[in-house]
Amino acid sequence: MEETAGMRISQKEQERRLGLMLACVLGVLLFFMAFASTYHLLAEVNASDLTVHLAWADEYNKGTLLQALLTGNDRLWHACVWLLNRLGVSLVYAGCLVTAGSVAAVYVIYNALFKRMLQWIDRRLIPVASLILCLVTAIYMPWFKTQIYWGQDSPNIWHNPTQMMVRPFALIAFWMTVRIYRRLREGGGWPTRAFESKGEIAAYAFVLMLTVWAKPCFVQAFIPGLAILMIVDLIRSRGKAFLFCFKVACAYIPAAILMLMKLISEFGTGSESGIEIDFLGVWSYSSTNIPLSMLLLYAFPLFVFIVDWRRLASSVEGQLSLSNLAVAVVMKTTLAEVGESRYHGNLSWSYGLAAVFVWFLATRSFLDLMLGNRLTGRKYTVVAIVGWTLLALHLFTGIVYYIKIVSGATLF
């Protein structure tokens with residue numbers, strides 16, 4: 001009996017070590033993929049997003065770091081690039097390193113979340129699932145649209161460094177919110193204690209501020225999405241959840257102030273740009289069939305949410321991701337920038353970021369359905385065939401998308 005137990009422990013440890021080795025190998029691979037694509041877009045293609053942001057990073061030499069962080073937009077990437085440049089790294093290589101580091105950070109976070117939420121799963125599968133999540137994109141239908149990204153959006157992009165920079169901080173902020181909000185849902189009655197310590201409050205508020213510094217697209221949709229959940233719980237509790245919700249909302253004050261300062265800086269008095277209501281005006285410019293474009297991006301998550309809707313709809317993370325996505329869709333549908341940036345899609349970044357959370361939850365639930373003995377018989381077979389097929393199509397398109405990027409194909 002003791003010998004058998006020892007064998008089981010050694011096999012589990014071997015699985016853990018192989019999983020760790022595979023995670024390192026795939027993480028390094030992803031890092032160099034991101035580095036290569038960024039270098040290609042900066043040094044060879046001269047892609048507009050990257051070159052513009054690189055020029056802004058260089059402008060840090062003309063002012064103080066604090067001024068740039070408080071008044072500029074999407075400044076965290078620029079600050080990191082500027083710092084590496086000051087340390088002797090060339091501007092282009094600094095941009096590549098920071099961008100590749102952001103992508104690798106997302107991969108590491110996916111690994112950590114899968115390990116935490118699917119503790120029973122084979123550790124060798126987690127790095128593979130994390131890599132898939134870092135590559136998937138909207139399914140490619142060349143007879144509908146020749147560009148893979150434009151009009152469909154994606155949870156994974158390669159041409160905008162600030163969107164890549166915000167993703168790891170947004171993932172951390174999202175799961176910190178889930179952890180905090182579960183205390184309200186899973187506690188007895190309607191608890192008033194939202195945070196376990198002052199340190200947790202400070203850490204939460206700081207991460208939220210980092211998302212604004214990286215790119216405001218997270219808080220733009222996430223704050224209204226969280227507010228929807230709070231309103232529902234205030235109604236359900238007949239006001240008993242007020243103190244809990246108020247404490248959580250207070251943690252958003254620093255990020256909200258910073259967000260307001262940035263909006264005033266960009267769209268304030270004297271600015272030639274602004275925001276107006278234009279229903280489907282911007283989105284229809286990039287897509288001739290908006291419902292189809294949404295389906296191409298969310299085919300796999302939509303299928304999983306339909307199959308596992310009871311569990312996902314009742315969970316805090318499921319409700320939070322869907323409310324965040326709903327706000328992002330409304331923003332993308334109704335808002336437009338005034339001026340020459342009207343059709344640049346700058347108000348659509350929240351939609352692409354919302355896909356990150358939805359895709360992660362769908363992948364987690366699908367792995368649980370396939371490997372957690374939750375389905376049997378014919379239903380398991382049908383879900384497996386449809387699910388793996390859709391996921392393979394999304395992954396194949398993601399690989400094609402990357403190849404097109406590094407081969408110089410037109411992005412838009």
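Every heavy atom of this structure was used, including side-chain atoms; hydrogens, water molecules and symmetry mates were not.
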_Check against side-chain contact (heavy atoms from CB on, under 4.5 Å), L118 and W120_ = CA-CA 6 Å; L118 302 172; W120 47 265; 3.8 Å; yes
Ring centers of [X], [Y] separated by less than 6.0 Å:
{"X": "Y252", "Y": "Y204", "result": "yes"}
{"X": "Y93", "Y": "Y39", "result": "yes"}
{"X": "W158", "Y": "Y402", "result": "yes"}

Side chains of [X] and [Y]: does their closest heavy-atom pair fall under 4.5 Å?
{"X": "L76", "Y": "F169", "result": "yes"}
{"X": "W175", "Y": "F357", "result": "no"}
{"X": "M21", "Y": "V25", "result": "no"}
{"X": "V103", "Y": "N156", "result": "no"}
{"X": "S284", "Y": "F279", "result": "no"}
{"X": "Y181", "Y": "Q319", "result": "no"}
{"X": "L347", "Y": "V282", "result": "no"}
{"X": "I132", "Y": "T363", "result": "no"}

Would a distance-only check, ignoring hydrogens and angles, find a side-chain to backbone donor-acceptor pair under 3.5 Å from [X] to [Y]?
{"X": "S323", "Y": "G225", "answer": "yes"}
{"X": "N85", "Y": "V89", "answer": "yes"}
{"X": "R193", "Y": "F195", "answer": "yes"}
{"X": "S154", "Y": "I157", "answer": "no"}
{"X": "Q152", "Y": "A138", "answer": "no"}
{"X": "S350", "Y": "C217", "answer": "yes"}
{"X": "S365", "Y": "A362", "answer": "no"}
{"X": "H394", "Y": "V136", "answer": "no"}
{"X": "N160", "Y": "D49", "answer": "no"}
{"X": "K247", "Y": "T192", "answer": "yes"}

*Check step by step if side-chain contact (heavy atoms from CB on, under 4.5 Å) holds for T211 and M259.*
CA-CA 10 Å; T211 65; M259 178 70 185; over 6 Å; no
In Å and rounded to the nearest 0.5 Å, what is the [atom1] to [atom2] distance from [X] to [Y]?
{"X": "Q163", "Y": "F218", "atom1": "CD", "atom2": "CZ", "value": "12.0 Å"}
{"X": "F174", "Y": "E317", "atom1": "CZ", "atom2": "CD", "value": "7.0 Å"}
{"X": "L375", "Y": "L369", "atom1": "CG", "atom2": "CG", "value": "5.0 Å"}
{"X": "R311", "Y": "R374", "atom1": "CZ", "atom2": "CZ", "value": "4.5 Å"}
{"X": "L41", "Y": "L54", "atom1": "CG", "atom2": "CG", "value": "12.0 Å"}
{"X": "L84", "Y": "R86", "atom1": "CG", "atom2": "CZ", "value": "12.5 Å"}

Determine whether more than 12 heavy atoms belonging to other residues, nucleotides or ligands lie under 6.0 Å from atom [atom1] of [X].
{"X": "R17", "atom1": "CZ", "result": "no"}
{"X": "Y285", "atom1": "OH", "result": "no"}
{"X": "F396", "atom1": "CZ", "result": "no"}

On a heavy-atom basis, which atom in [X] and which in [Y] lie closest, and how many Å separate them?
{"X": "G95", "Y": "V81", "result": "CA-CG2, 3.8 Å"}
{"X": "L297", "Y": "A355", "result": "CD2-CB, 4.4 Å"}
{"X": "A255", "Y": "M209", "result": "N-CG, 3.9 Å"}
{"X": "L312", "Y": "V304", "result": "CD1-O, 4.2 Å"}
{"X": "G151", "Y": "S293", "result": "O-CB, 3.5 Å"}
{"X": "M176", "Y": "A203", "result": "CE-C, 4.1 Å"}

Side-chain donor-acceptor pairs under 3.5 Å in residues 376-390, sequence neighbours left out?
residue, atom, partner, partner atom, Å
Y380, OH, M370, O, 3.2
T381, OG1, G377, O, 3.3
T389, OG1, I385, O, 2.6

_Verdict with supporting geometry, Y401 and Y149, side-chain contact (heavy atoms from CB on, under 4.5 Å)_ = CA-CA 8 Å; Y401 175 39; Y149 167 79; 3.9 Å; yes
_Sole residue of F300, F114, F366 in ring pair (Phe, Tyr, Trp, His ring centres under 6.0 Å) with F360_ =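 Only one of F300, F114, F366 forms a ring pair (Phe, Tyr, Trp, His ring centres under 6.0 Å) with F360, namely F114.
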*asked:* Strictly below 4.0 Å, N to O, side chains only: are E200 and R183 in salt-bridge contact?
replied: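 So E200 pairs with R183 through a salt bridge.
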*Just grab all the side chain to side chain donor-acceptor pair (under 3.5 Å) pairs involving residues 98-114, residues at least two apart or on different chains.*
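Listed by first then second residue: W77-T99, N111-S130.
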_Does V248 form a side-chain contact (heavy atoms from CB on, under 4.5 Å) with L226? I'd like the steps, not just the answer._
CA-CA 10 Å; V248 174; L226 179 60; 4.2 Å; yes
*In this structure, which one of H78, K215, R75 forms a side-chain hydrogen bond (donor to acceptor under 3.5 Å, both in side chains) with T162?*
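Of H78, K215, R75, side-chain hydrogen bond (donor to acceptor under 3.5 Å, both in side chains) with T162 is met by K215 alone.
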